[in-house]
Amino acid sequence: MKILGIDVGGSGIKAAIVNTKTGELISERHRIPTPKPATPEAIAKTIKNMTDYFNWDKPVGCSFPTTIVNGKCIHTGNLSEKWLNIKVDELFNKETSLPFYVSNDADLAGVAEVNLGAGKNEKEVVIVITVGTGIGSGLFHKGKLIPNLELGKLLHSNGEIIEYYAADSVRKKENLSLKEWALCFDELLAYTKIVFSPSLIIIGGGISKKYDDFKHHLNTNIPIKVAKFKNNAGIIGAAMYAHNQIKK
């Protein structure tokens with residue numbers, strides 16, 4: 001089935017038409033910068049621009065960068081505080097007149113990776129960690145998603161949430177070397193091992209493109225793979241999620 005997948009991120013909104021059986025992008029990926037401020041009204045207009053760009057008139061899957069329960073945003077994440085309690089699926093439907101299926105971005109990146117990518121056939125605990133503007137995470141057991149795990153919201157020893165310490169945006173803002181940043185990120189991996197005992201961690205998001213340059217700085221002995229679909233995992237997972245919801 002061919003479905004438009006949209007991945008809303010802190011710096012950019014990306015989309016492509018996806019073959020949900022294979023995960024193949026069957027169109028060019030299109031990117032629009034995330035509006036600043038990223039209010040519901042501004043994001044909705046950008047989503048409309050995206051569906052218009054693809055001349056799309058069918059259901060849409062959407063990865064969204066915060067906790068989503070039944071289509072509702074229950075945490076503002078790294079977007080505007082105005083998102084709290086917004087029904088994101090209804091907002092985008094009203095703006096585009098198209099059916100929208102919306103869920104957490106890291107969960108949906110994980111759906112792509114566990115079903116078709118780096119975690120395929122892995123039967124135990126798999127955690128997908130997406131590292132970009134913030135830190136997202138998806139938890140899977142025997143291939144089944146356990147939704148809305150938010151590792152990035154754990155508190156670091158200084159009392160601040162850990163994504164303020166170990167996200168890729170922090171590396172850029174503070175001009176950290178990859179080694180300096182990797183040692184920060186390794187603290188999150190070590191804690192993840194203690195709490196969840198995963199058999200595999202999949203790293204996605206923008207930082208995944210640099211994995212070969214920082215992997216030797218990681219000390220936590222958990223098997224790690226880079227997301228097969230890299231920064232397209234959110235797009236692919238969004239389309240797959242919409243496909244699965246339509247079938248129900």
Side-chain angles (χ1 to χ4, degrees), residues 1-34 43 46-47 49-51 53-56 58-66 68 77-78 92 100-122 126-138 140 143 145 147 152 167-169 200-215 224-246:
M1 191 171 185
K2 300 175 184 178
I3 290 184
L4 180 65
I6 299 178
D7 184 12
V8 177
S11 60
I13 297 174
K14 307 172 290 288
I17 300 170
V18 179
N19 180 325
T20 57
K21 183 176 181 180
T22 65
E24 177 189 6
L25 301 191
I26 53 179
S27 72
E28 291 294 320
R29 191 179 83 156
H30 185 56
R31 182 184 186 279
I32 302 174
T34 302
I43 294 282
T46 306
I47 293 294
N49 290 341
M50 189 68 82
T51 57
Y53 175 87
F54 285 96
N55 195 26
W56 193 253
K58 302 179 186 68
V60 182
C62 183
S63 297
F64 202 77
T66 189
I68 299 288
N78 292 301
F92 292 170
F100 263 78
Y101 299 91
V102 182
S103 195
N104 174 262
D105 56 350
D107 281 354
L108 297 190
V111 167
E113 291 296 332
V114 168
N115 285 278
L116 298 174
K120 187 176 180 180
N121 299 322
E122 180 62 52
V126 176
I127 294 180
V128 178
I129 302 179
T130 59
V131 187
T133 304
I135 294 177
S137 52
F140 295 80
L145 172 66
D168 193 34
S169 57
L200 175 66
I201 285 180
I202 300 171
I203 296 179
I207 200 66
S208 64
K209 295 179 285 188
K210 301 179 184 295
Y211 181 67
D212 286 341
D213 297 323
F214 69 78
K215 64 182 181 182
I224 294 175
K225 291 183 180 180
V226 174
K228 173 184 175 181
F229 300 116
K230 295 187 168 60
N231 220 13
N232 289 334
I235 294 172
I236 296 165
M240 293 175 66
Y241 175 70
H243 174 73
N244 291 338
Q245 293 300 306
I246 292 166

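Below, each value reflects all heavy atoms present in this structure, side chains not excepted, and no hydrogens, waters or symmetry copies. Quick caveat: nothing in here was measured; it's all calculated off a predicted structure.
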| field | Test log, rule side chain to side chain contact (heavy atoms under 4.5 Å, CB included), inputs K209 and V226 | value | CA-CA 8 Å; K209 295 179 285 188; V226 174; over 6 Å; no
| Distance, nearest 0.5 Å, that separates NZ of K228 from OG of S208 | 14.5 Å
| said: Are I6 and F64 packed together at the side-chain level, in the sense that at least one heavy-atom pair is separated by less than 4.5 angstrom? | reply: no
| said: If I compare all heavy atoms of Y101 with all of P59, which pair ends up nearest, and what's the gap? | reply: CE1-CB, 3.9 Å
| request: First locate atom CD1 of I207, then atom CD1 of I135, and finally report the distance between them rounded to the nearest 0.5 Å. | output: 10.0 Å
| said: Any non-hydrogen side-chain atom of K225 less than 4.5 Å from a side-chain atom of I203? | reply: no
| message | If the condition is salt bridge (charged side-chain N to carboxylate O under 4.0 Å, His left out), which residues does D107 pass it with, not counting sequence neighbours? | response | none
| Taking all atoms of both residues into account, what is the closest heavy-atom pair of A238 and L108, and its distance? | CA-CD1, 3.8 Å
| Nearest heavy-atom pair of G204 and A227: which atoms, and what distance? | CA-CB, 4.0 Å
| said: Would you say that N104 contacts T66 through its side chain, given a criterion of any heavy-atom pair below 4.5 Å between the two side chains? | reply: no
Residues 17-26 side chain polar contacts: donor-acceptor under 3.5 Å, at least two apart:
unit_1: N19; atom_1: OD1; unit_2: K21; atom_2: N; d: 2.9
unit_1: N19; atom_1: OD1; unit_2: T22; atom_2: N; d: 3.3
unit_1: T20; atom_1: OG1; unit_2: M1; atom_2: O; d: 3.0
unit_1: T22; atom_1: OG1; unit_2: E24; atom_2: N; d: 3.2

| Do F140 and I127 come close enough that some side-chain heavy atom pair is under 4.5 Å? | no
| Test ring pair (Phe, Tyr, Trp, His ring centres under 6.0 Å) applied to Y241 - qualifying residues, sequence neighbours left out | none
| task | Kindly indicate, with the supporting measurements, whether the criterion side chain to side chain contact (heavy atoms under 4.5 Å, CB included) is fulfilled by I235 and R29. | result | CA-CA 9 Å; I235 294 172; R29 191 179 83 156; 3.6 Å; yes
| task | Would you indicate whether the side-chain heavy atoms of M240 and L116 approach each other to under 4.5 Å? | result | yes
| Is a side-chain donor or acceptor of E113 paired with a backbone partner of G119 at a separation under 3.5 angstrom? | no
| field | Any side-chain heavy-atom pair of V8 and I47 under 4.5 Å | value | yes
| said: Within the structure provided, determine whether I202 and V126 are in side-chain contact (heavy-atom separation under 4.5 Å). | reply: yes
| field | Steps toward side chain to side chain contact (heavy atoms under 4.5 Å, CB included) verdict (F92, T51) | value | CA-CA 10 Å; F92 292 170; T51 57; over 6 Å; no
| Worked check of side chain to side chain contact (heavy atoms under 4.5 Å, CB included) between Q245 and S103 | CA-CA 11 Å; Q245 293 300 306; S103 195; over 6 Å; no
| message | For G132 versus A167, what's the shortest heavy-atom pair and its separation? | response | O-CB, 3.7 Å
| query | Do the rings of F54 and H30 sit parallel, tilted or perpendicular, given the 30° and 60° boundaries? | reply | perpendicular
| For the residue pair I236 and A112, what are the closest heavy atoms and their distance? | CG2-CB, 3.8 Å
| Do I13 and D7 have side chains that get closer than 4.5 Å, going by heavy atoms? | no
| said: Can a donor-acceptor pair be found, under 3.5 Å and without considering hydrogens, that links the side chain of S63 to the backbone of G234? | reply: yes
| note | Correct closest heavy-atom pair for G138 and A106 would be N-CB, 4.1 Å
